[in-house]
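Please read all numbers here as calculations on a predicted model, not as lab measurements. So you know, we letter chains A, B, ... as the sequences are listed, proteins then strands, and number each from 1. No hydrogens, no waters, no symmetry mates; every other heavy atom, side chains included, goes into these values.
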Protein chains: 2
Amino acid sequence: MRADAQRNRDRIVEVARAVFRQKGYDAPLDEIAREAGVGPGTLYRHFPTKDALIDAVMQAWVDSVETATDKALAHEGSARDLLLNWFETYVGVISAHKGGPAKLTTAIGVQDSPIRSKCAVLVSANERVLAQLAEQGALKPDVDAVQVARLVGGVATVADQSELAPDVVRPMLEVVADGVLA
Amino acid sequence: MRADAQRNRDRIVEVARAVFRQKGYDAPLDEIAREAGVGPGTLYRHFPTKDALIDAVMQAWVDSVETATDKALAHEGSARDLLLNWFETYVGVISAHKGGPAKLTTAIGVQDSPIRSKCAVLVSANERVLAQLAEQGALKPDVDAVQVARLVGGVATVADQSELAPDVVRPMLEVVADGVLA
DNA sequence: ACCTGAACACCGTTCAAGT
DNA sequence: ACCTGAACACCGTTCAAGT
């Protein structure tokens, strides 16, 4: 790839991340192109659809999911505390950008989603946490990671779109936690 | 209101209901206007925004919520059975049109929503069910109708947008039920 | 009063023309 | 090979002109 093309690509992703953080995934692409100093055609040369750009912006974010999971797994306290702490972490992670919870949660289990790989990361993060709890026999049988990702993702989606305060979200997560714990 | 205006209004709502049922709330208004045999301006004369039209379509539906609630309250069996049966009814009711779960659940507790009155109906339906269960001491303290409407609505939203099969949704509703029962 | 349909605003996406 | 920006498609909404 030519040096100027590489630079343009990098700038687009960088600007997109900032704009998405501020305005969510609804932000117009024109604005991103303008702030990155390129024409809309250039943006589309690098990212054939808006979802492709969103996917690129999410790329770096994958690492943050892994480290957040590690931290949650090291949490001391009861199984319930660990799980609740994980749920709050999970909601925080997928809510980094407005519109993120819906986009990510809805794509779980969908075969041809452009952000399929990001969903896999989320599901496997939940798998790790659930596996640890299952080991202690703290979990109900039949709960699986996809299900939990959808449940907590559903809560995050509602919270994101209704702009709910954390102290309203928290008790909802407690309900889900109590529902999956033995 | 002039007779022809009344007839146009009625036809618009009737066509809108059919189109929304078939294609969800994403359906273009042009199509509704065309099928109703009016110009787009006429549609907007009767309904100043798309949400106003959606609200009108939902109007009749309010009654169906009440009767569905009555039926669920008469359900025989354990508290858990009654609650699960209600949850499935509730999901069915708000999922009548694609996009409905998100629109309704997201609007709960939002002050200036155009479908505020519809949300009130949903919350009070949940209140009735929860009140009956609370009477038997079957509920955890601190669970309230808004919370449950958001939790089950969140599940319905994910199910609607990912087009989940009922046998995938059911266990998610069980988790929520177990989380609110004492 | 009410209706029509062309027109506007907005935004994702494409493409002919340039370097 | 890559870039630009005008243009297109789509859809919610408005408005001047008609009856």
**OP:** Could you tell me the separation between the CD1 atom of A/Ile32 and the P atom of C/dT13, rounded to a whole number of Å?
**Re:** 12 Å

**OP:** Nearest whole angstrom, please: distance from the C1' of D/dG12 to the OH of B/Tyr25.
**Re:** 17 Å

Original post:
Within the pair B/Tyr44 and D/dT13, is there a side-chain N or O less than 4.0 Å away from OP1 or OP2?
Top reply: yes

Original post:
Between the side chain of B/Thr67 and the main-chain N/O of B/Ser64, is any donor-acceptor distance below 3.5 Å?
Top reply: yes

Original post:
Of all the choices, C/dC3, C/dA6, C/dG12, which nucleotide is nearest to the side chain of A/Leu29 once you look at every atom?
Top reply: C/dG12

Original post:
Counting only Watson-Crick or G-U wobble pairs whose two distances fall under 3.5 Å, which nucleotide matches D/dG12?
Top reply: C/dC8

Original post:
Taking B/Trp86 as the fixed residue, which of B/Asp81, B/Asn126, B/Thr69 is the one that meets the side-chain hydrogen bond (donor to acceptor under 3.5 Å, both in side chains) rule?
Top reply: B/Asn126

Original post:
How many Å lie between CZ on B/Phe47 and P on C/dC3, as a whole number?
Top reply: 11 Å

Original post:
Now, which nucleotide makes the Watson-Crick or G-U wobble pair with C/dT19, with each of the two distances under 3.5 Å?
Top reply: D/dA1

Original post:
Has B/His46 got a side-chain N or O lying under 4.0 Å from the OP1 or OP2 atom of C/dC3?
Top reply: yes

Original post:
Taking for each residue the nucleotide of DNA chain D bearing the nearest heavy atom, is the 5' side occupied by B/Pro40 or by A/Arg2?
Top reply: A/Arg2

**OP:** Verify the distance criterion only: is there a donor paired with an acceptor across the side chains of A/Gln161 and A/Lys98 at less than 3.5 Å?
**Re:** no

**OP:** Compare side-chain N and O positions of B/Asn8 against OP1 and OP2 of C/dC2 and report whether any pair is under 4.0 Å apart.
**Re:** no

**OP:** Starting from the 5' end of DNA chain C, give me the residue, A/Ala27 or B/Ala5, whose nearest nucleotide shows up first.
**Re:** B/Ala5

Original post:
Quick one: which of D/dT4, D/dA6, C/dC3 gets closest to the side chain of B/Thr42?
Top reply: C/dC3

Original post:
Are B/His97 and B/Val57 side-chain neighbours, meaning at least one heavy-atom pair lies under 4.5 Å?
Top reply: yes

Subject >> Candidates C/dC3, C/dG5, C/dG12 - which lies nearest the side chain of A/Pro28 >> reply: C/dG12

**OP:** Report yes if at least one side-chain N or O of A/Arg45 is closer than 4.0 Å to OP1 or OP2 of D/dC2; otherwise report no.
**Re:** yes

